[in-house]
2 protein chains.
Amino acid sequence: MATTTRAAKMAETRAKLIAAGRKAFAEKGYSGASMDDLTADVGLTRGALYHNFGDKKGLMAAVVDEIDTVMATRAHEAGQKAGGSWKGLLAEGAAYIEMALQPEVQRIVLLDGPAVLGDPSQWPSQNRCLQATIATLQDLAAEKAIKPVDIEAFARLLNGVALNAALWVAASETPEATLPKVVAAFECLASGVLVTPESSV
Amino acid sequence: MATTTRAAKMAETRAKLIAAGRKAFAEKGYSGASMDDLTADVGLTRGALYHNFGDKKGLMAAVVDEIDTVMATRAHEAGQKAGGSWKGLLAEGAAYIEMALQPEVQRIVLLDGPAVLGDPSQWPSQNRCLQATIATLQDLAAEKAIKPVDIEAFARLLNGVALNAALWVAASETPEATLPKVVAAFECLASGVLVTPESSV
DNA sequence: ACTAACGACATACGAAGCGTATGTCAATTG
DNA sequence: CAATTGACATACGCTTCGTATGTCGTTAGT
């Protein structure tokens, strides 16, 4: 396998471009990032970019998808580790909030992403994460632990809260002090769906 | 008063530019809106724009502030009309969701605004709206009707839910059918703060 | 094995758009 | 009534995006 196949080489350039885009978009913002510069940073030109991703927005979509997918899996894992469906739901939300504190996530996924790619609820990666939340809520519904609310709507709102919460925490002057208050408020909001106050399912 | 004073004339050009910006930003998006075109639409040039607002972002800030201020007052009025603090909180949220269904609000305030101006929680107009929500929550706290949660954090999250909810409703295939489900989910989330389930304070 | 087609990427070109520097004219002021 | 100020227009340079064209290595067909 000393011979690098062409497909592998192309995958490598794609990976390099995504990495460069991730860095540039995070540091300069989407509109501030120059395609000439970011391709040159990895020893390529815009030719490679337009061949692989179509246009600037295409690279942005790839970058967002990568970050978002990692976030979804991490949140899901956090939910699995917690004991019980209800604890899992809270852990999932907390994990989201904490991940969204990274400047890279803030700038790319929360601020520029919606402007460039449109409503996040339409992104394929967001939908993946949404499925996890919906599954957890369905478990709770099976246990008769929650009110008869539309599960998809509730799940979308819950995810939205987590992202919004992170946005505020990061922008606050003292993020460390704000974080626990926000997590508490998040759990308070989420508990609205429970039939029995302070349940521990 | 047949003589138009200079200040009034300048205020008029400002108003014309804001109106033109509102239209262009809503139709083309922030990055797609050309300053040459939008100023020409009201019989001016970019000279007037850079003199009055500094740069493109300056006009965007003025446009967002105008829209956001109207939204805040409308939501506050809706809250006042409802009977009781708790009903008022729900009415406020519902009003926000419904206003955010307008394409103009969607595009300018929810999608492009954060990318151009940064985290919405830092906008002066958003803070005005936040104060209203906080005041309502403080009323509820005085009535001992809610849990001892950090009021500012809860208020920010609640506002975030409303905006996020609207974003999803507008993007859904059948907004009319989705709206009631979302409002129900919103009320479910908000009820998490109550000490007594299904209160009617 | 040799040539023809194809794919991946580079280079060259044209078209906007933004921000600034400079110009102009009316209105105010002393 | 002259001088200055302020509101806005015009002109310019710079950067950037997207595409159209070119090049070279690789694969396929015989």
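What you see is a predicted model, and the numbers here were worked out from it, not measured in a lab. Below, chains carry the letters A, B, ... as their sequence lines are ordered, and counting in each starts from 1.
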Extract from the structure each pairing of a protein N or O with an N or O of nucleotides 18-24 of chain D at less than 3.5 Å, listing the distance.
unit_1 : atom_1 : unit_2  : atom_2 : d
D:dG18 : OP2    : A:Tyr50 : OH     : 2.5
D:dG18 : OP2    : A:Lys56 : N      : 3.4
D:dG18 : N7     : A:Arg46 : NH2    : 3.4
D:dG18 : O6     : A:Arg46 : NH2    : 2.2

Is there a side-chain contact between B:Met60 and B:Ile108, using heavy atoms and a 4.5 Å cut-off? yes
May I ask you to test the B:Trp86-B:Asp139 pair for a side-chain heavy-atom distance under 4.5 Å? no
With respect to the phosphate group of [N], does any side-chain polar atom (N or O) of [X] fall under 4.0 Å of OP1 or OP2?
X       : N     : answer
A:Thr13 : C:dC9 : yes
B:Asn52 : D:dC8 : yes
B:His51 : D:dA7 : yes

What is the distance, rounded to the nearest whole Å, between atom [atom1] of [X] and atom [atom2] of [N]?
X       : N      : atom1 : atom2 : value
A:Asp37 : D:dC14 : CG    : C1'   : 14 Å
A:Leu49 : C:dT11 : CG    : P     : 15 Å
B:Phe53 : C:dG19 : CZ    : P     : 14 Å
B:Asp36 : D:dA9  : CG    : C1'   : 12 Å

Which atom names give the shortest non-hydrogen contact between A:Lys57 and A:Leu117, and what distance separates them? CG-CD2, 3.8 Å
For residues A:Phe154 and A:Ala190, report the shortest heavy-atom separation together with the two atoms involved. CZ-O, 4.0 Å
Members of residues 23-33 of chain B that approach DNA chain C, where some heavy atom sits under 4.0 Å away: B:Ala33
Just call it for B:Thr45: base, sugar-phosphate, or nothing, with non-hydrogen atoms closer than 4.0 Å on any strand. base
